[in-house]
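Here is the naming used below: chain letters follow the sequence lines, and residue numbers restart at 1 for every chain.
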Number of protein chains: 2
Amino acid sequence: MKNPAGASSSDRLVAAATKIVQAHGYGGLNMRDLAQDVGMKGASIYHHFPSKADLAAAVARRYWQDSAEALQALSATCDNPLDCLRRYPETFRKSLESDNRMCLSSFMAAEYDDLPEAVKKEVQAFADVNVDWLAQGLSAARIVPANEAEGRARAIYAAVAGAQLMARGRADIALFDALIASYRSAGLLPA
Amino acid sequence: MKNPAGASSSDRLVAAATKIVQAHGYGGLNMRDLAQDVGMKGASIYHHFPSKADLAAAVARRYWQDSAEALQALSATCDNPLDCLRRYPETFRKSLESDNRMCLSSFMAAEYDDLPEAVKKEVQAFADVNVDWLAQGLSAARIVPANEAEGRARAIYAAVAGAQLMARGRADIALFDALIASYRSAGLLPA
DNA sequence: ACCTGAACACCGTTCAAGT
DNA sequence: ACCTGAACACCGTTCAAGT
């Protein structure tokens with residue numbers, strides 16, 4: 001069954017491309033292999049997206065939108081702002097749990113020089129979503145003064161992304177956990 | 001003058017390839033363009049390195065060796081261990097100053113799934129060199145207890161690499177500086 | 001030894017032709 | 001409408017043949 005639950009071809013292309021980019025980057029995404037993943041031929045993709053750049057922009061857009069939803073869902077399930085912040089690294093851990101994959105936006109940040117402009121825009125939106133969510137949590141939990149919340153939020157985002165990158169480079173999820181623990185004991189993340 | 005100061009063809013290939021990988025990654029390194037950089041044809045490279053994998057391994061090895069030398073030189077110029085630690089982020093800032101390039105080992109960590117085994121080994125050596133240098137400085141400066149030095153060193157390395165990645169994704173070196181400043185005020189880096 | 005033209009395999013893309 | 005084989009121009013890589 002190539003099309004379960006009535007997902008459209010476009011949806012399945014975006015979903016499959018997301019997994020590929022998280023493992024191989026924009027440059028490592030090729031149309032023929034992607035097509036095979038969803039049961040069509042390479043040329044057929046162009047019936048759904050006019051170019052690789054458009055497909056990648058759609059992928060990156062969906063990625064930050066899904067991330068925004070996931071963070072909202074996290075906010076809804078935790079007891080208080082501090083609890084939310086403590087659980088933030090879980091969102092990055094999940095990628096590593098999925099075959100050592102990494103954040104799509106981190107991979108694409110590395111590929112900055114080779115990214116179409118429309119893709120760059122969506123990649124930055126992911127960081128914005130994360131930083132905004134963190135800043136709101138830091139303010140609500142009164143961890144830093146309001147005027148320092150955004151700066152600290154950016155620092156947490158960059159540090160957690162860096163931890164994921166280092167852990168991926170050794171395919172060692174325990175290293176990710178250790179890095180997060182070190183961030184906590186150093187005072188970057190709430191203990 | 002394609003060969004100044006008597007540098008060998010191999011040396012010039014490694015140097016030119018390093019700049020390319022820092023901007024486009026292992027996947028974005030192509031033999032014809034690299035060859036043109038040093039004044040030969042693509043096929044000629046294979047007279048100096050048996051494969052792209054061997055070339056990339058030589059590139060990554062030279063990269064961590066140069067980094068180890070640079071850190072030793074930094075140790076020699078600063079007044080005390082604390083001063084050394086404060087200046088550590090400069091080494092990552094320099095890459096961004098060079099046309100928004102990033103750490104070769106960070107880019108290759110993202111490309112983990114597509115890296116030849118020999119290259120992975122050298123990439124990890126870069127992290128080891130950095131972590132060891134940081135751990136020694138943290139111990140010498142008595143910033144953390146000896147048994148926590150390595151963990152904190154890894155955290156600093158990952159966080160600084162993450163700051164570089166985020167700043168590259170926006171081509172914004174001021175963001176890198178702001179992130180480092182936030183790490184200091186949060187207590188991850190010595191103030 | 002060092003270099004190269006030419007071949008090979010691959011990739012993004014297009015298009016005429018199918019259903 | 002959706003899909004496809006075949007082709008196009010291109011690029012990374014390899015190899016047989018040059019000097």
Side-chain angles (χ1 to χ4, degrees), chain A residues 1-21 23-60 107-108 111 113-120, chain B residues 1-4 6-60 104 107-108 111 113-119:
Chain A
M1 188 62 173
K2 286 286 180 186
N3 189 353
S8 72
S9 290
S10 296
D11 287 344
R12 286 182 300 131
L13 282 168
V14 167
T18 301
K19 299 286 246 177
I20 293 172
V21 175
H24 305 285
Y26 175 77
L29 171 68
N30 79 76
M31 304 303 244
R32 285 185 178 91
D33 288 350
L34 168 62
Q36 198 172 19
D37 276 5
V38 303
M40 59 173 72
K41 298 295 176 181
S44 306
I45 295 177
Y46 292 84
H47 244 269
H48 302 279
F49 298 95
S51 69
K52 182 180 175 180
D54 287 276
L55 167 65
V59 165
F107 209 139
M108 284 184 158
E111 292 177 297
D113 289 358
D114 300 306
L115 241 40
E117 201 55 47
V119 180
K120 279 182 194 165
Chain B
M1 187 64 172
K2 285 286 179 187
N3 189 355
S8 72
S9 290
S10 295
D11 286 344
R12 286 181 301 133
L13 282 167
V14 168
T18 301
K19 298 286 248 176
I20 293 172
V21 175
Q22 285 185 269
H24 306 284
Y26 175 77
L29 171 67
N30 79 78
M31 303 304 243
R32 279 193 180 108
D33 289 351
L34 169 61
Q36 198 171 18
D37 276 4
V38 303
M40 60 173 70
K41 298 293 177 182
S44 306
I45 295 177
Y46 292 84
H47 235 271
H48 302 280
F49 298 95
S51 70
K52 182 180 175 181
D54 287 275
L55 167 65
V59 165
L104 178 145
F107 209 139
M108 283 183 157
E111 292 176 297
D113 289 357
D114 300 307
L115 242 39
E117 202 54 48
V119 180

Just do the side-chain contact (heavy atoms from CB on, under 4.5 Å) check on A/Lys41 and A/Ser44 with the steps written out, would you? CA-CA 5 Å; A/Lys41 298 295 176 181; A/Ser44 306; 4.2 Å; yes

Heavy-atom side-chain proximity of A/Tyr26 to A/Val59 below 4.5 angstrom: no

Separation between CD1 (B/Ile45) and NZ (B/Lys52), nearest 0.5 Å, reads 10.5 Å

Say you draw a straight line from OG1 of A/Thr18 to CG of A/Leu34; how long is it, rounded to the nearest 0.5 Å? 9.5 Å

Where along nucleotides 3-13 of chain C does protein come under 4.0 Å, by heavy atom, of base (B) or sugar-phosphate alone (S), with - for untouched nucleotides? BBB-B---BBB

Under 3.5 Å for both distances, Watson-Crick or G-U wobble, that's the pair rule; now give the dot-bracket for DNA chain C, with | marking pairs to another strand and [ ] for crossing ones. ||.|||||...|||||.||

Is the shortest heavy-atom distance from the side chain of B/Lys19 to the side chain of B/Asp37 under 4.5 Å? no

Report yes if the side chains of B/Asp54 and B/Ser51 come closer than 4.5 Å at any heavy-atom pair, otherwise no. yes

Decide yes or no for A/Glu111 and A/Val119: does some side-chain heavy atom of the first lie under 4.5 Å from some side-chain heavy atom of the second? no

